[in-house]
There are 2 protein chains.
Amino acid sequence: MARPRQYDPETLRAAVVSAARGLLEEGGPPALTARALAQASGATSGTIYASFGDLHSVLIEVNRDTFRELGEMIDALPDAPPEPWLYALAEAYVDFMLERKGVWRGLFEGDRVTDVFPQWYMAAINALLAKIAHPIAALAPSENAAERAEELFISVHGVVALAAIGRLDMVSPRSPKALAHAAVNTMLSALKEASDA
Amino acid sequence: MARPRQYDPETLRAAVVSAARGLLEEGGPPALTARALAQASGATSGTIYASFGDLHSVLIEVNRDTFRELGEMIDALPDAPPEPWLYALAEAYVDFMLERKGVWRGLFEGDRVTDVFPQWYMAAINALLAKIAHPIAALAPSENAAERAEELFISVHGVVALAAIGRLDMVSPRSPKALAHAAVNTMLSALKEASDA
DNA sequence: ATCCATTTCTGAACATCGTTCTAAAATATT
DNA sequence: AATATTTTAGAACGATGTTCAGAAATGGAT
């Protein structure tokens, strides 16, 4: 007793999120417009709004996908001793984000909309921080590994933040990877200095 | 033989730039609209466009002011030995930027528009990097102080980048200042470790 | 068979955005 | 007075996110 669904809801959502990722990669957050999304996903803007509510919710779903991919990428890193593994993680993280500059901008640009982030959001970040903290704890048992992990992540974030918006060359001629490597190296040196003293 | 100027050009430009800073502080880059700027500066959008060309040029002028203020702030820092001076610089930088979150977003959000930045832009950044490098060179003469300065700046930038958009709490419960302090501490420890070895 | 209730979907409409450009305003010169 | 010249005002254009009235498409009731 109703007009039949023209789109399977889950298929539509997947198509919209996929189209959104494409638009983000093409032109960053400004390219993620309702009309372009409608065109690229095959639905009309009204249908998209019926499913997602607003464009920001589409972005959130892209971010969810991105976190999942990031987790898979990290899990696929080959096992290695703490130090080389930490270097590998930092460089893989830089590669991952800089292959997705538009998505990165979607994650970190714009007004903070919600007071509380979705729990999967925080869980993904905490999982990443835990993966950083693990080798640090192995290398320097007397240190607060969780805090050192936060600091190291933030340092690498600084590199990616500048590189993703094309402004790293304002600060350094070195590559993002080289600078991420240096950030890990500095943290490792500091850990050694702390255990020496 | 012409309609007389209704605004002194320099006064108008100053009023527009000042109004732009206010709008940025109120609501970040999205609040910097031509119509709001016209309202706040007392001119019409047409007049503003005649003077600045486009809104991005207004933002550039705000940034110029900001760099000038930042330089003055640093010059006003009390003299101190290298280590405490570096801590003081990092914390003052964090304070400066987080008191100007909207301006910070104007500096670091959005598409990179020009291939080449204005020379005063690069000069301001290089001056800041040199001020960071100076105490590092004093503490660790055998190190490449310029490179260490770049790395330290980028680490502190990571802190400010997250704090300015209200997302630092996703990564750490600590304050921006505490994290900036930790970044300096880590770099100083690494320098000591390097000179030990 | 016809009509209707119900749900899904479309796209026109609204306010706002950056930007452009026409024309009004205001003077100096002829 | 008329005109040329420059400055200013603000309407207009195409775009944006979002809403919403109605078209479309069915199953059930008559």
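Proteins come first, then strands; the chains are lettered A, B, ... in the order of their sequence lines, and each starts at number 1. Note: hydrogens, waters and symmetry copies are ignored here, and every other heavy atom, side chains too, is used.
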(request) Kindly indicate whether a cation-pi arrangement holds for A:Arg64 with A:Phe67, taking the cut-offs as under 6.0 Å to the six-membered ring centre and within 45° of the axis. (result) no
(request) List in numerical order all residues of residues 102-118 of chain A for which some heavy atom is under 4.0 Å away from an atom belonging to DNA chain C. (result)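 Result for residues 102-118 of chain A: none.
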(request) Kindly point out which of D:dT7, D:dA25, D:dT18 is positioned nearest to the side chain of B:Arg5? (result)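 Of the options given, the side chain of B:Arg5 lies nearest D:dT7.
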(message) Given C:dT7, D:dG17, D:dT7, identify the nucleotide with an atom nearest to the side chain of A:Ala2.
(response)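 Of the options given, the side chain of A:Ala2 lies nearest C:dT7.
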Think [X] has a side-chain N or O under 4.0 angstrom from the OP1 or OP2 of [N]?
X	N	value
A:Tyr49	C:dT8	no
A:Arg3	D:dA24	no
B:Gln6	C:dA25	no

(message) On DNA chain C, does the nearest nucleotide to B:Pro4 precede the nearest nucleotide to B:His56 from the 5' side, or the other way round? Give the residue.
(response) B:His56
(request) Decide whether B:Asn63 and B:Thr66 meet the rule of one side-chain donor and one side-chain acceptor closer than 3.5 Å. (result)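 B:Asn63 vs B:Thr66: no donor-acceptor pair found between side chains.
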(message) Under a plain distance cut-off of 3.5 Å, with no hydrogens placed, do A:Thr47 and A:Thr44 share a side-chain donor-acceptor pair?
(response)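 Indeed, the side chains of A:Thr44 and A:Thr47 share at least one donor-acceptor pair under 3.5 Å.
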What is the distance, to the nearest angstrom, from the [atom1] atom on [X] to the [atom2] atom on [N]?
X	N	atom1	atom2	answer
B:Leu59	C:dG18	CG	P	12 Å
B:Leu37	D:dA9	CG	P	14 Å
B:Phe52	C:dT19	CZ	P	13 Å
A:Gln39	C:dT10	CD	C1'	15 Å
A:Leu55	D:dT16	CG	P	11 Å
A:Asp8	C:dT8	CG	P	13 Å
B:Leu12	D:dT7	CG	C1'	12 Å

Between the protein and nucleotides 10-13 of chain D, list the N/O to N/O atom pairs that are separated by less than 3.5 angstrom.
from, atom 1, to, atom 2, distance (Å)
D:dA12, N6, B:Arg35, NH2, 3.4

(message) So for atom CD, which belongs to B:Glu69, do other residues, nucleotides or ligands contribute more than 12 heavy atoms lying within a distance under 6.0 Å?
(response) yes
(request) Step through the shown structure and confirm whether more than 12 heavy atoms of other residues, nucleotides or ligands are within 6.0 Å of CD on B:Glu72. (result)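 For B:Glu72, atom CD is crowded (more than 12 foreign heavy atoms under 6.0 Å).
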(message) Considering every strand and a 4.0 Å limit on heavy-atom distances, what is the contact class for A:Leu32: base, sugar-phosphate, or nothing?
(response) sugar-phosphate
(request) Report whether A:Leu37 and A:Leu12 are members of the same hydrophobic cluster (ILVMFWY, side-chain heavy atoms less than 4.5 Å apart, transitive linking). (result) yes
(request) Could you state whether A:Trp120 and A:Phe52 fall into the same hydrophobic cluster, counting links through intermediate Ile, Leu, Val, Met, Phe, Trp or Tyr residues with side-chain heavy atoms under 4.5 angstrom apart? (result)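 A:Trp120 and A:Phe52: separate clusters.
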(message) Between B:Arg100 and B:Phe96 (side chain of the first, backbone of the second, donor and acceptor by atom type, cut-off under 3.5 Å), is there such a pair?
(response) yes
(request) Could you pull out the closest heavy-atom pair between A:Leu86 and A:Pro135, with the gap in Å? (result)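 Closest approach of A:Leu86 to A:Pro135, heavy atoms only: CD1-CG, 3.6 Å.
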